[in-house]
Amino acid sequence: MVNTSAVVMEKSELGNLIARLWAEGYTVVGPTLAQGAIVFDELRTADQLPIGWTDEQEPGSYRLKRRDDGAYFGYAVGPHSWKKYLFPARLTLFSIERTADSFAVHQGSTDVPRYAFLGVRSCDLHAIAVQDRTFLHGPYVDPHYERRRERAFIIAVQCGTAASTCFCASMNTGPRATQGFDLALTELPEAFVVEVGSERGGALLVGLNVRAANGEIEAAHQVTETTKRQMTRTLDTSDMPALLYENLDHARWDDVAGRCLSCTNCTMVCPTCFCHSVDEVPDLLGERSERVRQWDSCFNPELSHVAGGSTRPDIRARYRQWLTHKLASWIDQFGVSGCVGCGRCITWCPVGIDLTEEVAAIRGSDRA
Amino acid sequence: MIAQPLTVLNTRRAPRPRLGVFKFASCDGCQLSLLDCEDELLAVADRVEIAFFREATRRPLEGSFDVSLVEGSVSAPEQEAEIRDVRARSRFLITLGACASHGGIQALRNFSRVDDALAIVYATPETISTLPSSRPASDYVHVDLELPGCPINKRQLLSVLAQMLSGGKPRIDQHALCLDCKRQNVVCVLVAHGSPCLGPVTSTGCGVLCPSYDRPCFSCFGPAPQPNTASLAERFQAIGLSADHIRRLFQMFYNQAPEFLEEARRHE
């Protein structure tokens with residue numbers, strides 16, 4: 001159910017909410033139009049949102065389309081995920097400089113923005129929680145992720161539309177966001193219903209033009225119920241992780257290896273994939289070197305390169321590694337599935353490989 | 001692409017390591033990438049002795065080289081002996097660009113009879129002395145490292161020099177271009193616009209030049225390792241490309257790379 005402490009905010013008030021966040025020192029980032037897609041970038045005003053736009057997504061295809069209304073959030077997730085802010089694609093961890101008789105180490109910049117994420121969908125809230133387990137839980141905390149994560153202000157948006165590639169309902173990760181946000185907006189035709197998820201979320205609303213909600217709460221509930229009914233894709237995870245462990249030699253791996261480009265796109269758009277490489281980057285004069293961390297991928301043969309060669313020498317081995325990790329061994333490693341059902345890997349695979357189909361095919365002829 | 005383990009340059013010795021830059025059949029674009037370094041050129045000159053580089057200095061060819069950078073393909077009869085001579089003078093031989101590593105764009109003539117090509121291009125073909133095909137340096141001599149690109153990326157060249165000068169074994173990234181598109185927040189032009197992009201089968205290194213401008217990749221850095229060209233070609237067919245269009249895409253800068261050669265043949 002929708003939080004009963006919810007309030008109603010006129011759509012025109014969203015700009016004031018954004019301005020308030022900037023005034024409080026946040027860097028507000030959220031959906032905007034660029035390069036023919038809805039991507040995440042800095043938002044100074046509400047009219048930078050893709051108002052009146054939607055997306056049509058299919059395996060291997062994404063197209064922007066005009067809506068026949070002026071909805072602010074009438075689209076599903078795009079190619080970017082919030083990990084680009086919490087786990088930057090390229091980060092200088094530290095640098096080393098030669099001194100007269102030794103060397104000096106300089107830490108990378110600790111001056112990171114205080115982000116306010118505007119428009120976080122339920123699947124992505126779950127994805128952030130999955131990456132929290134990777135970077136924050138357990139004995140080794142990643143200080144770079146921690147610094148960004150603990151300062152981030154999260155404004156969720158309840159999904160009013162599902163793409164054909166969405167399958168969060170079957171992953172129990174959406175479409176309704178129930179926790180992990182400071183504020184959550186549900187877009188109704190004339191206004192937003194705003195749920196308060198934290199003290200600082202409530203504090204942000206003080207002074208903004210909001211009023212108590214009445215019938216709007218039920219209307220907001222219906223928004224995500226409708227979205228849930230729109231969702232056609234499902235992933236049956238009832239027999240994970242055993243299903244994949246028991247089918248490591250299934251013929252389907254050869255079949256998908258014939259289609260997979262091993263191009264890394266699925267892992268790059270995945271909001272939970274965390275693989276990275278760390279390289280030493282020396283300067284020409286031999287005076288300075290930077291240690292740089294970059295996103296990397298299990299589909300890059302170099303990632304598993306050890307003395308003697310790659311441990312995953314062909315595409316079959318790499319696809320199997322990705323899917324079994326994402327859906328099976330992730331559970332053993334972190335206690336949850338690595339998949340949140342956002343569907344990005346399906347849309348942004350250049351040849352439209354659909355993991356839900358791959359799993360169904362393996363299940364269909366289990367132990368074949 | 002590193003053919004054998006390299007011993008490293010002894011970096012802090014005097015005199016500085018000697019660098020030679022050699023040109024074969026080419027457009028000079030790769031050599032220009034070195035001159036283009038501008039800001040870094042003084043640092044390069046500080047760390048290595050630029051002992052032979054016709055495009056930059058009048059110094060005559062003499063002695064041996066710690067590192068030789070070879071641009072261009074072997075295309076004329078006298079170049080066969082020249083490339084062997086460069087090899088004999090060099091500790092490390094690094095080829096620059098598509099021509100030196102795979103014959104380059106001029107290797108398109110390898111698909112036809114050279115006399116036919118000469119008659120089309122030259123007014124007096126009888127004055128031209130040429131080999132029947134345009135061939136990579138590695139057809140003649142051992143190559144230690146091939147830097148891809150048409151032209152090469154100067155950052156990649158500087159990175160290789162910096163790695164060698166700091167005592168490391170030079171390596172370059174060769175994963176699919178897509179990885180760098182995503183690291184740089186570039187939206188996929190194939191998925192979002194239906195543009196026939198070769199990025200998924202192309203080695204990185206260009207800095208995502210074309211996709212950054214909403215243009216599909218033409219693979220001027222050549223095939224990535226184990227490129228699944230057949231699956232990508234099938235996708236191109238599905239978005240409406242003709243067999244001839246697909247063949248031409250694979251017959252460009254890296255037309256002699258075995259993976260592209262084979263894929264192009266499937267669409268003849």
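Each chain gets a letter, A, B and so on, in the order the sequences are listed, and its residues count up from 1.
Using modelled atom types, one side-chain atom of R47(B) and one backbone atom of L284(A) make a donor-acceptor pair closer than 3.5 Å. Between the D283(A) side chain and the A162(B) main chain, no donor and acceptor come within less than 3.5 Å of each other. Panel note: side chain R235(B), backbone P350(A); a donor-acceptor pair is recorded below 3.5 Å.
Of all heavy-atom pairs spanning I315(A) and Q226(B), the tightest one is CD1-O, 4.1 Å. Pairing each heavy atom of C260(A) with each of N228(B), the nearest pair is O-ND2, 2.8 Å. Nearest heavy atoms, C178(B) versus T264(A): C-OG1, 4.2 Å. Minimum interatomic distance between R63(A) and V191(B) (heavy atoms only, all atoms of both residues): NH1-O, 2.7 Å. Residue K182(B) comes nearest to W295(A) through the heavy atom pair O-CZ3, 3.8 Å, listed as atom of the first residue, atom of the second, then distance.
Contacts from residues 31-41 of chain A to chain B, taken as heavy-atom pairs separated by less than 4.5 Å, involve A34(A), Q35(A), G36(A), A37(A), V39(A) in sequence order.
For R90(A), no part lies under 4.5 angstrom from a heavy atom of chain B. Both the backbone and the side chain of T347(A) come within contact range of chain B, each with at least one heavy atom under 4.5 Å from a heavy atom of that chain.
Crowding of R215(B) atom CZ: a count of heavy atoms from other residues, nucleotides or ligands under 6.0 Å not exceeding 12.
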